[in-house]
Amino acid sequence: MEYDFAASEKKWQEIWDKERLNEAVDFDKRPKFYGLIEFPYPSGSGLHVGHLRAFTSMEIIARKRRLEGYNVLFPIGFDAFGLPTENFAMQTGRHPRGVTDDNIAVFTRQLKAFGYSFDYSRTVDTTDKSYYKWTQWIFIRLFKRGLAYKSKAYVNYCEKCKVILANEESQGGVCDRCGSDVVQKEKDVWFLKIRDYAEKLLDGLDEVDFLPRIKLEQRNWIGRSEGAEVDFAVKGGVDPNAKLRVFTTRADTLYGVTFMVIAPEHPFIAENAAVIKNTNEIDVYRAETKRKNEFERTRVNKDKTGVKLLGVSAVNPLSGAEIPIFTADYVTLDYGTGAVMAVPAHDERDYEFAKKFGMPIIEVISGGDVSEAAYTDIDGGVLINSGILNGLSVKDALKKITAYLSENKIGEKKINYNMKDWAFNRQRYWGEPIPIIYCEKCGAVTVPEDELPLELPPLESYRQTENGESPLASVAEFVNCKCPQCGGAARRETDTMPQWAGSSWYFLRYIDPKNDKALADKKKLEYFGPVDWYNGGMEHVTRHLIYSRFWNRFLYDIGAVPFAEPYAKRTAQGLVLGENGVKMSKSLGNVVNPDSLIKEYGADVLRLYIMFMGDYESPVPWSNSGINGCKRFLDRVYNLPSVMTENDGLSDKHAALTHRLIKKTSGDIEAMKFNTAIAAMMAYINEIYYDNFITRGELKTLLLLLFPFAPHIAEEINEKIGGKIILAKCAYPVCDPSKLDDDEMELPVQINGRLKGVVKVAKDADINAVRSAAMKDAAINAALSNANIKKEIYVPKKIVNFIVL
RNA sequence: GCCGAAGUGGUGGAAUGGCAGACGCGACGGACUCAAAAUCCGUUACCCUUAAAAGUGUGCGGGUUCAAGUCCCGCCUUCGGCACCA
């Protein structure tokens with residue numbers, strides 16, 4: 001009989017739902033397991049097959065954990081603030097609230113159709129005021145701790161989206177959202193001091209089980225470098241005691257400094273305008289720099305440009321040599337001190353600059369040929385021309401000079417990070433209002449916590465104002481308010497938070513989604529937290545994943561959360577590409593629609609196929625024809641009852657086969673090798689079909705192994721064979737290691753390392769038994785009988801190799 | 001430029017140093033059918049062959065080992081991340 005997947009899937013979804021099997025229980029005695037997937041942005045186009053790949057993996061793990069006896073928290077929610085919804089609202093004249101609700105409804109319907117075992121009773125929506133109340137609360141706490149500050153700054157700006165972008169949102173110099181070039185614009189910017197957490201974010205990586213490439217990417221992004229700051233006295237400056245401070249990782253090369261370079265924005269230039277003789281020339285250069293965006297400016301291999309400051313110079317604190325000061329755009333104000341000591345002999349950039357501007361090159365480390373290129377190897381040479389450092393290795397010189405600098409108060413040890421503070425405000429409507437009030441007298445004051453949430457007011461237009469302010473700026477009732485401190489007239493901040501705010505703590509809210517006294521109850525956080533296993537995309541490693549670790553560590557520091565690291569384990573899936581092997585996108589017309597696929601094949605086939613397509617962590621092209629293989633497999637499983645025998649245990653013939661299958665499937669799921677787990681089940685039923693029988697016990701075991709992947713059909717077959725308990729309430733099969741091997745096995749036989757045949761021997765046969773078995777094989781006998789066996793290499797259960805002359 | 005991952009049949013991909021190509025797709029042959037679809041059975045790396053038996057094969061060149069897709073050295077290519085970070 002044909003399997004009616006549509007009816008069956010609906011039926012079982014209703015049964016699981018009614019029995020509330022997917023809901024996590026607070027403070028339950030079973031061990032807890034918190035499995036998390038990245039909650040989706042509910043876009044108008046519905047689920048993408050990329051979502052399916054990301055969700056199905058954790059779905060399989062969550063279902064397996066329930067069978068294993070865990071109290072599983074596997075929640076779902078929606079990260080719903082953001083530009084696409086706002087743009088859609090603008091185009092259609094609808095309110096983003098309604099658009100968001102519609103999209104969430106579509107997503108929910110699709111997710112349920114796939115039979116995902118999410119705990120829908122804990123669904124969160126970042127745009128719900130009962131949720132963003134706490135997002136605002138966290139901002140206020142950050143502000144009160146001095147971790148949120150406002151300043152004028154040059155920031156990444158997308159002219160198309162008309163919005164500030166964080167560094168994490170403008171990687172490669174293009175806008176994350178629309179792909180257009182990012183420009184530098186001076187704006188009022190709210191920053192979160194994520195840089196203050198750089199060290200904690202690095203240290204935390206040692207405690208967690210993240211994929212190595214994830215840790216590596218985060219470490220690179222944070223970009224820690226150890227070095228020293230060194231003061232250079234200034235000659236001819238306005239202030240005779242003024243010093244220019246540089247950051248360097250190579251203080252050992254101090255004697256090789258032949259000039260200094262400061263960033264074009266460095267305040268030193270303005271402070272000394274009165275004594276610098278070529279201010280005009282410098283102003284022109286600075287104006288040019290400003291026009292360039294960050295990407296152009298910092299592009300490697302770009303020709304070095306710069307201008308020498310006439311009338312001032314610096315003094316090498318060690319050698320006393322007087323050296324010129326340049327300004328050049330290869331030095332930026334936002335890293336280190338915005339000033340660099342140039343050592344052309346041992347730094348490629350300085351070398352290039354020195355060559356172009358005819359500056360002297362002093363070799364201070366032997367081992368290279370500085371007439372040809374900068375010598376930058378730190379393991380090679382020995383210090384020369386370096387006064388007190390002569391004769392030392394680079395490492396020893398670094399140690400000695402660092403100590404010397406602090407003893408003589410001309411410098412100190414210093415650690416720098418590439419990671420910039422997080423630009424946190426957006427001139428947009430559809431985001432959390434920043435709960436800050438500006439008072440003439442009191443300055444920036446936070447909205448009182450008992451007035452939260454600070455709600456988004458209804459709006460007639462979602463367009464920004466003429467001068468690029470947030471749409472909220474045009475709502476007088478919202479803007480004008482009283483200062484909570486002095487009661488005087490004041491105005492509200494009109495910018496909203498970035499898309500990443502709500503997602504930075506949502507995993508905490510799932511634990512206690514309806515709490516109106518706290519972001520989540522401490523006892524519940526202790527019970528369920530931290531997340532045991534978090535799966536998501538590599539694209540979030542230097543965005544969401546670092547932001548949320550930062551917020552969690554902050555909340556830990558203020559005592560709101562009882563664990564420092566939010567995620568014990570993090571894995572990542574590969575992209576799903578279009579059939580043509582390139583990224584799926586609407587414009588390329590290679591997007592796969594889950595709705596039509598589920599109608600044609602049903603949820604189980606799709607769930608299975610999406611996991612079978614290829615290695616989970618690698619990108620894989622979609623293929624419609626490949627789906628049939630999974631459909632055939634499930635059809636074959638569905639027909640197994642026709643060859644079932646009434647034996648509740650395992651047959652002698654299939655015992656080892658079945659235990660091997662349990663081990664393989666279970667282990668592969670834990671290692672996220674879903675493709676081989678499925679392949680093993682396919683191979684198993686191929687054997688079963690060959691033997692043309694399966695016992696009830698064997699079939700039941702197979703169904704339980706299949707259940708996390710294809711739960712509906714597994715339940716249906718279990719019912720068909722008279723299973724009295726639904727699979728969702730059964731226990732996961734356990735492998736008995738003593739039953740993994742058959743008594744006899746096929747042993748490959750090599751002669752001189754070449755395969756000559758396969759012989760059947762007892763699994764614990766000794767070499768004599770193996771040799772005599774091998775001699776019975778005609779081909780092997782022919783090769784061995786007249787030869788002189790020099791050596792026998794026998795690895796039991798693996799291989800035997802006869803070395804002959 | 002630096003860091004990381006990966007290169008295996010027509011194709012997606014399997015292989016704790018131990019039978020390379022599991023499992024699937026596709027293709028080919030057969031059964032069933034008036035026919036087709038579906039299903040079932042078989043074949044399917046290359047080369048030489050009627051066949052058997054050899055031989056060659058995991059990006060390229062070396063090496064270690066009884067045995068290398070896997071380990072080591074040197075290259076090439078692709079993908080991902082970072083990038084004038086001082």
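Residue numbering restarts at 1 for every chain, and letters A, B, ... go by the order of the sequence lines. Hydrogens, waters and symmetry mates are skipped; everything else that's a heavy atom, side chains included, is used. The structure displayed is predicted, hence computed values, not measured ones.
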Measure the distance from [atom1] on [X] to [atom2] on [N] and round it to the nearest whole Å.
X	N	atom1	atom2	result
A/Asn418	B/A83	CG	C1'	9 Å
A/Met419	B/C85	CE	P	18 Å
A/Leu661	B/C23	CG	P	14 Å
A/Met682	B/C23	CE	P	10 Å
A/Met745	B/C19	CE	C1'	10 Å
A/Met341	B/C84	CE	P	20 Å
A/Leu211	B/G81	CG	P	16 Å
A/Lys797	B/U16	NZ	C1'	14 Å

Exercise for the section: Give the ring-plane orientation class for A/His540 versus A/Trp500, where under 30° counts as parallel, over 60° as perpendicular and anything between as tilted. Expected result: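 Perpendicular.
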Practice task
Just say parallel, tilted or perpendicular for the rings of A/Tyr335 and A/Phe247, cut-offs at 30° and 60°.
Solution key: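 Judged by the thresholds at 30° and 60°, the geometry between A/Tyr335 and A/Phe247 is perpendicular.
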Problem - Pairwise 5' ranking along RNA chain B for A/Trp221 and A/Asp350, keeping only the more 5' one - result: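 Nearest nucleotide further toward 5': that of A/Trp221.
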Exercise for the section: On RNA chain B, check which nucleotide each of A/Tyr690 and A/Leu747 is closest to and give me the residue with the more 5' one. Expected result: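 This one resolves to A/Leu747.
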According to side chain to side chain donor-acceptor pair (under 3.5 Å), who are the partners of [X], at least two apart in sequence or on a separate chain?
X	result
A/Lys414	none
A/Arg245	A/Glu229, A/Asp231, A/Glu412
A/Thr376	none
A/Tyr616	A/Ser57, A/Asn535

Report the nucleotide, chosen from [options], that has the shortest atom-to-atom distance to any side-chain atom of [X].
X	options	answer
A/Ala683	B/C19, B/C85, B/C23	B/C23
A/Ala679	B/A22, B/C84, B/G55	B/A22
A/Lys798	B/G81, B/U16, B/C84	B/U16

Practice task
Look at the side chain of A/Thr402 and the backbone N and O of A/Lys413, then say whether any donor-acceptor pair between them is shorter than 3.5 Å.
Solution key: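 Side chain of A/Thr402 to backbone of A/Lys413: no pair is present.
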Problem - Expected output: side-chain A/Asp777 to main-chain A/Ala773 donor-acceptor under 3.5 Å - result: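 No; zero donor-acceptor contacts below 3.5 Å.
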Any chance [atom1] of [X] has more than 12 other-residue heavy atoms, nucleotides or ligands included, within less than 6.0 Å?
X	atom1	result
A/Lys356	NZ	yes
A/Lys763	NZ	yes
A/Lys663	NZ	no

Practice task
Would you write the dot-bracket representation of RNA chain B, where each base gets (, ), [, ], | or . depending on whether it forms a Watson-Crick or G-U pair under 3.5 Å and with which partner?
Solution key: (((((((..(((.....[....)))((((((.......))))))((........))..(((((..]....))))))))))))....
When rounded to the nearest Å, what value does the distance between [atom1] atoms of [N] and [M] take?
N	M	atom1	result
B/G81	B/G74	P	27 Å
B/C41	B/C32	C1'	11 Å
B/U8	B/A15	P	15 Å

Problem - A/Tyr330 six-ring centre to A/Lys304 NZ/CZ under 6.0 Å and within 45° of normal - result: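 Satisfied, under 6.0 Å and within 45°.
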Practice task
Sugar-phosphate means primed atoms, P, OP1 and OP2; the rest is base. With that split, encode nucleotides 71-77 of chain B 5' to 3' as B, S or - using protein heavy atoms under 4.0 Å.
Solution key: -------
Fill in the blank from the handout: Per-nt protein contacts along nucleotides 1-15 of chain B (heavy atom under 4.0 Å; B base, S backbone sugar-phosphate only, - none) come out as --SS-------SSSS
Exercise for the section: Could you classify B/G9 for me, syn or anti, using a glycosidic angle within 90° of 0 as syn? Expected result: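 Syn, since the glycosidic angle lies within 90° of 0.
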Problem - Contact list for RNA chain B against residues 245-256 of chain A - heavy-atom distance below 4.0 Å - result: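 A/Phe247, A/Thr248, A/Thr249, in order of number.
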Exercise for the section: Look at the side-chain N and O atoms of A/Arg754 and state whether any lies under 4.0 Å from the OP1 or OP2 oxygen of B/A53. Expected result: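 No, A/Arg754 has no side-chain N/O under 4.0 Å of OP1/OP2 on B/A53.
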Problem - Contacts of type ring pair (Phe, Tyr, Trp, His ring centres under 6.0 Å), residue A/His266, not counting sequence neighbours - result: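 Listed in chain order: nothing, the list is empty.
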Exercise for the section: Just call it for A/Asn686: base, sugar-phosphate, or nothing, with non-hydrogen atoms closer than 4.0 Å on any strand. Expected result: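 Here A/Asn686 touches the backbone only, sparing every base.
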Exercise for the section: Using only heavy-atom distances, determine whether the side chains of A/Asp252 and A/His346 contain a donor-acceptor pair under 3.5 Å. Expected result: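 Short answer, no.
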Handout entry: Step-by-step ring pair (Phe, Tyr, Trp, His ring centres under 6.0 Å) determination, A/Phe612 to A/Phe633
Key = CA-CA 12 Å; A/Phe612 182 64; A/Phe633 166 65; 8.5 Å; no
Would you be so kind as to tabulate the donor-acceptor pairs closer than 3.5 Å made by side chains of residues 751-762 of chain A, with sequence neighbours excluded?
residue  : atom : partner  : partner atom : Å
A/Asn752 : OD1  : A/Val804 : N            : 2.9
A/Asn752 : ND2  : A/Val804 : O            : 3.4

Handout entry: Validation row, ring centre A/Phe357 to ring centre A/Phe259 under 6.0 Å
Key =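 Ring centroids of A/Phe357 and A/Phe259 are no less than 6.0 Å from each other.
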Distances under 3.5 Å between nitrogen or oxygen atoms of protein and nucleotides 66-68 of chain B:
residue : atom : partner  : partner atom : Å
B/C66   : O2'  : A/Asn801 : ND2          : 3.3
B/C66   : O2   : A/Asn801 : ND2          : 2.6

Check the interface with nucleotides 37-40 of chain B: list each N/O to N/O pair with the protein under 3.5 Å, or write none.
residue : atom : partner  : partner atom : Å
B/U39   : OP1  : A/Arg632 : NE           : 3.3
B/C40   : OP1  : A/Arg636 : NH1          : 3.0

